[in-house]
Amino acid sequence: MEYNFRDIEKKWQDWWKENKIYKVSKDSSKPKYYALDMFPYPSGVGLHVGHPLGYIASDIFSRYKRLKGYNVLHPMGYDAFGLPAEQYAIDHGIHPAISTEANIKNFRNQLDKIGFSFDWDREVNTSKPDFYKWTQWIFLELFDSWYNRQTQKAERIKQLIQLFEEYGSDVPGVKPYAFSFTNSGWKSFDKKKRQEILMEYRLAYCGIGEVNWCEALGTVLANDEVINGVSERGGFPVVKKKLRQWYLRITEYADRLLEGLQKVDFSDSMKEMQGNWIGKSSGAEIDFRVRIDESVKETKETSSSDPSIEVVHVTITETEADESLRVYTTRPDTIFGVDFMVIAPEHELIDVITNPQHKKSVEEYITYVKSRSERERMAEKKITGVFTGAYALNPFNGRAIPIWISEYVLAGYGTGAIMAVPCGDQRDFLFAKHFNIPITNIIGSHFSGEEANPTKEAILQNSDFINGMVMKDAIDVVIKRIEEMGMGARKVNYKMRDAAFSRQRYWGEPFPIVWKNGIAYPLDEKDLPLELPHVDSYKPGPEGEGPLANIPEWTSRHLETNTMPGYAGSSWYFLRYMDPHNDKEFCNRKASDYWGQVDLYIGGTEHAVGHLLYSRMWTKVLHDLGYIGHDEPYKRLVNQGMIQGSSRFVYRVRGTNKFVSFGLKDNYQTDRIHVDVNIVDGVELDTELFKQWRNGDYMDAEFILENGKYICGTEVEKMSKRYFNTVNPDDLCIKYGADTFRMYEMFLGPVEMSKPWDTKGIEGVHRFLKKLWRLFYDDSPLSDKKGPGTKLWTDEKANEAELKVLHKAIRKIEEDTERFSFNTGVSAFMIAVNDLTDLKTHKKEVLEKLLILLAPYAPHISEELWHQLGNSDSILNAEYPTLEAKYLIESSKEYPISINGKLRTTITIPLGAPESEVEQIVLANEVIQKWLEGKPPKKIIYKEGKMVNVVV
RNA sequence: CCGGAUGUGGUGAAAUUGGUAGACACGUCAGACUUAGGAUCUGAUGCCGUAAGGUGUGGGGGUUCGAGUCCCUCCAUCCGGACCA
């Protein structure tokens with residue numbers, strides 16, 4: 001009897017479905033386990049072999065946990081709102097709801113073939129009104145909340161109003177408003193003013209933000225749709241445009257998001273990434289008075305020591321300062337090393353302080369900067385900037401410091417202005433060198449003059465009252481002095497900014513907000529969901545608003561025309577799986593208390609900062625408001641690596657129809673063309689399939705072969721349709737079966753690691769499953785003719801050698817599964833099957849347990865053989881075998897013996913032998929004697945159970 | 001530029017705690033069986049060398065009896081950087 005995987009897999013997939021083997025419900029008799037995958041965006045091109053990697057890992061772990069006695073929640077759904085569907089609608093006129101539905105069907109089909117243990121009764125779809133009703137509802141909760149800095153919790157807006165009514169704006173816990181007001185002040189404000197103030201506190205709030213606006217396309221573009229200041233499509237100019245935007249006040253949660261990292265099991269690199277993104281830094285804000293009047297006089301001369309340096313002498317007639325410039329610095333200790341100030345090109349003081357003589361150059365510079373994205377500004381090495389003609393005064397010694405504008409200072413961080421210390425900061429240093437600004441050295445020999453030195457250990461010089469102090473100690477001294485003088489304050493800053501929460505697009509959740517007289521009113525809960533209306537055109541509105549602005553029925557109700565971003569639904573979907581059909585609540589508290597945190601979350605690192613931070617914030621808010629009992633959504637996070645494509649190329653001789661093999665291509669002038677990896681075997685092109693490829697575009701191709709073969713060139717690239725390097729899991733499931741496919745994906749390497757896909761090795765895994773099958777059945781062509789006696793298994797008692805193989809496998813596979821080392825787990829199965837084959841073991845006692853071990857990895861074949869052995873229940877309800885260490889005890893070990901750390905021989909020595917005896921055995925050894933050359937050893941290092949090293 | 005990761009045979013990789021580098025596979029080579037083999041089985045396989053032996057984990061340096069593993073430094077590749085998801 002042969003291993004007929006096609007019939008077996010179909011049979012059991014149907015059986016599992018019929019018997020609802022994967023249906024899960026609350027069960028307090030077992031401990032719960034929640035294993036979750038990051039749900040996919042159902043794109044039009046379907047799954048490629050990279051997608052299921054994480055799903056297979058979590059599926060193995062879910063089945064493993066179930067066998068170990070847990071009640072396992074393992075759901076799947078679709079993150080179905082998003083730009084690609086909308087773009088597809090624009091290009092093909094097909095409504096996103098329809099294309100999305102079709103894509104989901106296709107995804108589901110593909111997923112089903114791989115044999116996952118998802119409980120599909122719990123499927124979620126973020127674009128369905130019954131789901132996004134609750135996304136909108138949570139948005140309203142955010143809208144109706146503010147962050148109390150004293151209790152460090154989200155609280156209701158009505159509590160804030162109470163505080164304002166009772167005490168005015170200056171209350172502990174309430175972040176300072178732009179100006180302070182008293183309780184009677186609050187009462188004197190009109191409704192609009194009050195709402196304006198409250199908007200500054202809401203966790204979901206409306207403000208003015210900049211977007212990439214492309215006039216020619218009449219639309220707002222994503223950052224990565226903008227390249228070098230022009231649109232990716234069409235190359236039209238893109239400018240910054242101010243638009244009304246929604247934001248999440250995630251910055252208020254910065255500290256809690258940072259602290260929360262300590263109580264979750266994420267990789268260190270993941271925690272580091274999130275930490276860096278939050279970017280907490282402490283320092284001070286310092287006010288510099290600014291001089292812009294006629295009293296400033298500049299005279300220039302060349303430095304006596306270095307003729308390339310131009311020294312500018314500034315004389316200032318003492319008058320009152322006109323303005324003050326606030327900077328943020330983490331290094332107040334370097335205040336006497338400040339040689340210039342730099343403000344962001346968007347800084348509001350620019351118009352005020354720019355000296356008329358410099359006005360033209362400043363305007364030109366700002367126009368140039370406007371055309372560039374923030375990303376480009378951060379990325380480019382080019383040093384640019386312009387002098388404003390204004391000077392700031394050092395608060396301690398009154399020194400006049402020129403104020404420059406440069407794009408390397410970002411408006412969104414700190415105060416959008418910095419004090420530049422060229423001897424200590426490399427960017428400042430390069431800027432000073434580029435514009436010939438003289439550099440003050442406050443760190444003596446620590447500064448080479450060649451590059452900046454950001455040390456905190458140097459002893460300060462040229463620094464007035466902090467001379468002679470170590471820099472890190474001077475930080476507090478300076479801050480205290482500044483606070484005493486009323487020139488600034490200690491300040492903690494975060495790189496993280498509030499998250500933009502609106503998009504000028506169609507295919508997203510509508511905001512349940514109505515605008516009246518410039519005031520945002522939430523819709524009533526009973527009016528939810530606010531359903532996305534049908535549109536005929538996906539063109540943006542007249543002022544760059546979303547397409548909803550073109551619908552009269554929408555605008556006449558004064559509904560918000562923006563929609564929510566892609567990450568809205570994904571910020572809370574893991575809660576919906578717990579109670580997916582509830583139409584009264586987003587998730588019943590009893591359900592969320594039972595399932596609690598996601599015990600295992602698997603997904604790509606690309607979500608390291610976006611999705612993971614947003615969903616952590618939403619969880620914290622829902623926790624603060626009392627809707628759920630935990631405030632971190634994910635207990636353990638595992639990041640799967642990206643599977644890259646391995647592209648194949650053919651080389652066409654220019655101007656001909658001839659294709660030359662890789663090794664000979666240098667003899668010709670050729671063009672490199674991507675060729676479908678699926679018509680290439682390893683690197684050898686199937687020339688016949690190539691001729692039929694792309695509907696016969698290459699029908700008349702001729703080939704220049706090497707050794708009778710056409711060899712392709714290769715390169716690792718992103719897996720993508722356009723590189724023809726995508727491999728479809730369906731094809732592999734048909735050819736080798738789902739079990740082979742699952743195990744091969746795992747066998748490829750560690751789950752966390754990125755690696756290029758190569759189908760070549762899949763045969764090895766398939767052979768392993770066939771070999772396993774042969775432990776149960778004789779599959780030789782003769783056996784079937786001999787009658788039904790092809791089964792091989794027996795009820796004989798297993799011997800010690802066989803039990804040793806089994807228990808070695810139990811130990812190794814359990815260990816590897818627990819630590820997510822599935823690749824070595826698969827190899828442990830191979831070793832076990834190889835060993836059992838060598839021992840000619842066909843004993844049920846051993847094989848049955850091996851099947852249970854294998855069930856998480858290869859569920860179909862395990863279920864089939866399990867039933868063949870006479871069991872009638874699913875193998876998933878079997879009991880996981882327990883390790884019996886007694887079968888693994890060894891009495892001796894083959895020790896590696898090295899001389900000076902170099903391995904020279906191995907000797908088998910009984911375990912537990914005393915050190916003196918081991919030394920004797922080692923020194924008596926022939927090989928060792930030869931290497932000792934009669935000399936006595938200096939030292940012998942013996943590590944029991946490990947090795948022996950003889951030092952000569 | 002900033003942040004994160006990775007680098008080991010012809011290939012994917014293993015080495016969990018500083019202790020026999022290359023497990024397990026793919027591929028290749030040789031052989032067996034067979035009408036046949038793209039099935040199966042056996043053996044070999046890091047590199048140099050007939051061998052003894054030498055050498056070997058991106059490059060350079062260090063710590064150690066001992067380094068793929070720890071430290072410093074340089075190089076290369078991949079991922080992310082807020083409206084792609």
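Just so it is clear, the model here is predicted, and its values are computed rather than measured. Every chain is numbered from 1, with letters handed out A, B, ... down the list of sequences.
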Show me the donor-acceptor pairs, under 3.5 Å and distance only, between side chains in residues 823-837 of chain A and residues at least two apart or in other chains.
{"unit_1": "A:N823", "atom_1": "OD1", "unit_2": "A:S821", "atom_2": "OG", "d": "3.4"}
{"unit_1": "A:T824", "atom_1": "OG1", "unit_2": "A:D816", "atom_2": "OD2", "d": "3.0"}
{"unit_1": "A:T824", "atom_1": "OG1", "unit_2": "A:S821", "atom_2": "O", "d": "3.0"}
{"unit_1": "A:T824", "atom_1": "OG1", "unit_2": "A:S821", "atom_2": "OG", "d": "2.5"}
{"unit_1": "A:S827", "atom_1": "OG", "unit_2": "A:T824", "atom_2": "O", "d": "3.2"}
{"unit_1": "A:N834", "atom_1": "OD1", "unit_2": "A:K771", "atom_2": "NZ", "d": "2.8"}
{"unit_1": "A:N834", "atom_1": "ND2", "unit_2": "A:M830", "atom_2": "O", "d": "3.3"}
{"unit_1": "A:T837", "atom_1": "OG1", "unit_2": "A:V833", "atom_2": "O", "d": "2.6"}

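- Residue contacts shown for A:E86 are absent, as no nucleic acid heavy atom lies under 4.0 Å away.
- The base of B:rU20 is not paired with the side chain of A:E894 by any donor and acceptor separated by under 3.5 Å.
- Counting non-hydrogen atoms under 4.0 angstrom, A:K760 reaches the backbone sugars and phosphates but no base.
- Using N1 to N3 plus N6-O4 or O6-N4 for Watson-Crick, or N1-O2 and O6-N3 for G-U wobble, each under 3.5 Å, B:rG43 pairs with B:rC29.
- The side chain of A:W931 has B:rG54 as its nearest neighbour among B:rG54, B:rG4, B:rC41.
- Put simply, the side chain of A:K755 and the base of B:rU6 share no donor and acceptor less than 3.5 Å apart.
- A donor-acceptor pair shorter than 3.5 Å cannot be found between the side chains of A:Y614 and A:S570.
- Contact annotation for A:R774: backbone-only contact, meaning every heavy-atom pair under 4.0 Å involves sugar-phosphate atoms and none involves a base.
- Listed candidates were B:rA14, B:rG54, B:rA82. Nearest to the side chain of A:W277 is B:rA82.
- Nucleotide B:rG9 carries a syn base; the chi torsion (O4'-C1'-N9-C4 or O4'-C1'-N1-C2) is within 90° of 0.
- A:Q87 and A:Y538 form no side-chain donor-acceptor contact under 3.5 Å, judged by distance and modelled atom types alone.
- The aromatic rings of A:Y942 and A:Y895 sit tilted, their planes meeting at an angle between 30° and 60°.
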